[in-house]
Amino acid sequence: MALNVTAVYPGTFDPMTLGHEDVVRRATQLFDRVIVAVAAGHHKKALFSLDERIEMVREAVKIYPQVSVESFSGLLRDFVVARGAKAMVRGLRAVTDFDYEFQLAGMNRSLMPDVETVFLTPSDKYQFISSTFVREIASLGGEVNKFVSSMVLERLMNKVRSAPGE
């Protein structure tokens, strides 16, 4: 029996890191269709606009025909259910992520009993990367080329150079 399973990989992706890209690659090996859901980010102050983040994610995942990119706002549950997804992908970098992600998975199971949360760990070389670290290092003039694709790096450097007060 062949299942046609759609998974949603949600996040703000501000910016998309090589760790995010690695999780997408891993998800494509498990699911027939992967939707990268870019959050409008109402609870976080994003460096990049929603449109910029969507463009970066689309560029990063264009090599995977089964991956699409969409934005969402409001409850993730509504987005996942509307797309008929049966799984939600979450990246785990370290044990410090686990407590939060475990609680989130429990809440999501309560809201979406038919949707499984699948935790994927990125490759060892990406486990310490976070968008927050990348933004901070770049804004302080540090090198982040090992953490993001060249396309993201160019956009990030342009954004940091044009930031007020620099």
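With rounding to the nearest 0.5 Å, the separation of CG in L156 from CG in L47 is 6.5 Å. M157 contributes atom CE, which lies 7.0 Å from atom CZ of R161 (distance to the nearest 0.5 angstrom). Going from atom CD1 of I35 over to atom CZ of F72 covers 11.5 Å, rounded to the nearest 0.5 Å. Atom CG of L18 is separated from atom NZ of K125 by 8.5 Å, given to the nearest 0.5 angstrom. Atoms NZ and CG, from K159 and D14 in turn, are 9.0 Å apart once rounded to the nearest 0.5 Å. In this structure, M16 CE and S131 OG are separated by 9.0 Å, a value rounded to the nearest 0.5 Å.
Closest non-hydrogen pair, R25 versus T28, comes out as O-OG1, 2.6 Å. Closest heavy-atom contact between S123 and D22: N-OD2, 2.6 Å. Across all their heavy atoms, G91 and V23 have their closest contact at CA-CG2, 4.3 Å. The minimum heavy-atom distance linking A46 with R53 is given by the pair CB-NE, 4.1 Å. Looking at every heavy atom in both residues, V5 comes nearest to D32 through N-OD2, 2.7 Å. Here the shortest heavy-atom pairing between S130 and T17 reads C-CG2, 4.3 Å.
One hydrophobic cluster, built from ILVMFWY side chains closer than 4.5 Å, cannot hold both Y64 and M88; they sit in different ones. A continuous path of ILVMFWY side-chain contacts below 4.5 Å connects M56 to I137, so both sit in one hydrophobic cluster. The cluster map of Ile, Leu, Val, Met, Phe, Trp and Tyr, joined by side-chain heavy atoms under 4.5 Å apart, puts V38 and I63 in the same cluster. Hydrophobic cluster membership is shared by I129 and V160, with clusters built from Ile, Leu, Val, Met, Phe, Trp and Tyr side chains linked at under 4.5 angstrom. Under the 4.5 Å side-chain heavy-atom criterion for Ile, Leu, Val, Met, Phe, Trp and Tyr, M151 and V148 are members of the same hydrophobic cluster.
With a 4.5 Å cut-off on side-chain heavy atoms, V61 and V69 count as touching. Here the side chains of V89 and V8 are not in contact, with every heavy-atom distance at 4.5 Å or above. Annotation: side chain of E52 is not in contact with side chain of P15 (no heavy-atom distance under 4.5 Å). By the 4.5 Å heavy-atom criterion applied to side chains, F31 and T6 are not counted as neighbours.
Annotation: F147 is in aromatic contact with F128 [ring centroid separation under 6.0 Å].
Side-chain atoms of R155 and N158 include no donor-acceptor pair closer than 3.5 Å.
Under the ring pair (Phe, Tyr, Trp, His ring centres under 6.0 Å) criterion, F133 pairs with no residue at all, not counting sequence neighbours.
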Please tabulate, for side-chain N and O atoms in residues 104-118, each donor-acceptor pair with protein atoms closer than 3.5 Å (sequence neighbours left out).
| residue | atom | partner | partner atom | Å |
| --- | --- | --- | --- | --- |
| N108 | ND2 | L104 | O | 3.3 |
| R109 | NH2 | E116 | OE1 | 3.0 |

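Under a 4.0 Å N-O distance rule, the pair K146/E143 does not qualify as a salt bridge.
Surrounding CD of Q66 are more than 12 heavy atoms belonging to other residues, nucleotides or ligands, all under 6.0 Å away.
Ring geometry, F13 versus H20: the interplanar angle exceeds 60°, so the pair is classed perpendicular (tilted spans 30 to 60°).
A donor-acceptor contact shorter than 3.5 Å is absent between the side chain of R33 and the backbone of A85.
For residues 80-92, the pairs satisfying side-chain hydrogen bond (donor to acceptor under 3.5 Å, both in side chains) are E70-R83, R90-E101, with sequence neighbours left out.
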Run the side chain to side chain contact (heavy atoms under 4.5 Å, CB included) test on L120 and L30 for me, step by step, so that the C-alpha distance in whole Å, both residues' side-chain angles and the decisive distance to 0.1 Å come before the verdict.
CA-CA 11 Å; L120 297 177; L30 299 172; 3.8 Å; yes
